[in-house]
Amino acid sequence: MDYRLYYWDLPFRGVFIEMLLADVGAGYSNHDASGIYPERSLKLHNPGMAPPYLYDYKCKKYFAQMPAILMHLARDYDYLPTRAELHTLALKTILDCNDILLEITNYHGVKMWDKNSWEEFRHGRLAEWMQIFEHTGREHGVKIGDGYLLGPTISVADIAIAALFGTLLYAFPALRQDLQDNAPHIAHLVDKIEARDSIKAMLEKRRAHWGRNYCGGQIEKSLRKMLPEGSGD
Ligand SMILES: N[C@@H](CCC(=O)N[C@@H](CS)C(=O)NCC(=O)O)C(=O)O
């Protein structure tokens, strides 16, 4: 066993870490976030505010913050580009993804979505985020069926965008058309990453358990009102 992952019984942020762990072939076990959060959070060697937490058996330490956990793993398994600019872009991509998670959940459900605010977000910022990734990919030579977000080799940035959009589209299939329209190369890249053998096997197993659940709570209910199942809009 190499790692323990503490998260809720949902894909939302945890799936980013699980996809990377699956792709590198690391051994890990899943634990409910309540094993640490909130009582034990402050007692850890590296305290963190909220799940996910990753325990690394090698250094016998815990790490929190999804982007930091991905960078930790990416460094160990050589999933970071070596050129400084691309290294920075890999981190930037993960942080973009984490910003999008916050925006989709309306800052963890501070306010519920209503039709106006959702439509404004969906066709405004969400569409623009998709276009941002499409530009980045094309600037680095991604083609339909060839290449990755930051060049010819896979990096943690590919795992992050596939975890973001693959999970979102699986939970809310109506959004597939949005990604296709705004970022056709990224739509293809997401499918390609999800089809990698070990990621595919992990997702099949986890999705059989999670179903189409996404982030949970009242905010997921509000999202589902905006995007009812079977809605092609
Ligand atoms: N910036 C943190 C956010 C962590 C976070 O908001 N975790 C959520 C679940 S995805 C949670 O359980 N929050 C409880 C809290 O903030 O007290 C990260 O990226 O890991």
Side-chain angles (χ1 to χ4, degrees), residues 3-22 26 28-56 59 61-76 79-80 88-113 121 125-126 129 132-133 155-172 175 202-203 206-207 209-224:
Y3 303 97
R4 288 199 303 261
L5 176 62
Y6 293 81
Y7 195 61
W8 307 112
D9 196 9
L10 290 163
F12 196 56
R13 281 195 172 84
V15 75
F16 284 70
I17 299 158
E18 290 201 49
M19 283 178 70
L20 186 48
L21 290 171
Y28 69 99
S29 52
N30 292 98
H31 300 261
D32 194 77
S34 60
I36 290 184
Y37 172 88
E39 277 83 16
R40 283 181 62 214
S41 301
L42 205 50
K43 300 194 180 85
L44 304 182
H45 188 273
N46 295 324
M49 180 56 88
Y53 301 91
L54 184 80
Y55 179 77
D56 183 340
C59 55
K61 299 261 162 64
Y62 289 87
F63 298 97
Q65 291 277 16
M66 182 272 277
I69 294 169
L70 282 192
M71 291 301 280
H72 176 73
L73 294 171
R75 186 178 183 278
D76 272 3
Y79 270 54
L80 279 170
T88 303
L89 277 183
L91 172 60
K92 184 254 185 204
T93 302
I94 301 170
L95 295 174
D96 281 351
C97 291
N98 217 18
D99 279 9
I100 297 166
L101 296 182
L102 262 186
E103 293 188 18
I104 285 175
T105 57
N106 235 339
Y107 298 86
H108 291 310
V110 168
K111 254 178 96 182
M112 295 302 123
W113 291 111
F121 170 66
R125 286 185 71 97
L126 184 57
W129 278 120
I132 287 170
F133 292 127
S155 77
V156 64
D158 300 290
I159 303 288
I161 56 162
L164 175 73
F165 290 120
T167 308
L168 188 64
L169 269 45
Y170 187 78
F172 303 101
L175 292 175
M202 181 280 286
L203 287 176
R206 300 295 275 146
R207 284 174 178 170
H209 172 72
W210 289 324
R212 305 239 174 220
N213 289 340
Y214 184 62
C215 57
Q218 292 303 311
I219 193 61
E220 176 159 349
K221 289 202 180 105
S222 144
L223 269 170
R224 294 208 175 275

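Counting starts at 1 for both ligands and their atoms, in listed order.
Interface atoms of ligand 1 facing Trp8, defined by a heavy-atom separation under 4.0 Å, are 9 (C), 11 (C), 12 (O). Atoms of ligand 1 lying under 4.0 Å from at least one heavy atom of His108, given by number and element, are 6 (O). Less than 4.0 angstrom separates some heavy atom of Phe12 from each of these atoms of ligand 1: 10 (S). In the vicinity of Ala50, heavy-atom distances shorter than 4.0 Å reach the ligand 1 atoms 4 (C), 5 (C), 7 (N), 11 (C), 13 (N), 14 (C), 15 (C), 16 (O). The Met66 neighbourhood of ligand 1 comprises atoms 18 (C), 19 (O), 20 (O), with distances under 4.0 Å to a heavy atom of that residue. Near Pro52, meaning under 4.0 Å from one of its heavy atoms, ligand 1 places the atoms 20 (O). Residue-ligand proximity, Gln65 to ligand 1, at heavy-atom distances under 4.0 Å covers atoms 1 (N), 2 (C), 18 (C), 19 (O), 20 (O). The distance from ligand 1 to the heavy atoms of Tyr37 drops below 4.0 Å at these ligand atoms: 14 (C), 15 (C), 17 (O).
Rounding to the nearest 0.5 Å places CD1 of Ile36 at 5.0 Å from CG of Leu44. Atom CG of Leu10 and atom OG1 of Thr167 lie 11.5 Å apart (nearest 0.5 Å).
Polar contact check, Pro51 against ligand 1: a nitrogen or oxygen pair lies under 3.5 Å apart. Considering backbone and side-chain atoms together, Tyr7 places no N or O closer than 3.5 Å to any N or O of ligand 1.
Looking at Asn98, Leu101, Asp99, Ile17 and measuring to atom 19 (O) of ligand 1, the nearest heavy atom belongs to Asn98.
For the residue pair Tyr6 / Arg4, a side-chain donor-acceptor distance below 3.5 Å is found, with atom types taken as modelled. Using a 3.5 Å distance cut-off with no hydrogens or angles, the side chains of Asn98 and Gln65 do not pair a donor with an acceptor. A donor-acceptor contact closer than 3.5 angstrom is absent between the side chains of Tyr7 and Glu18. Side-chain N/O atoms of Ser41 and Tyr53 include a donor and acceptor closer than 3.5 Å.
In this structure, Pro67 counts as a contact residue of ligand 1, since one of its heavy atoms falls inside 4.0 Å of the ligand.
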side-chain contact (heavy atoms from CB on, under 4.5 Å), that's the test. Do Phe133 and Leu164 meet it? Break it down for me. CA-CA 12 Å; Phe133 292 127; Leu164 175 73; 4.2 Å; yes
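Closest approach of Pro51 and Ala33 over heavy atoms only: CG-CB, 3.5 Å.
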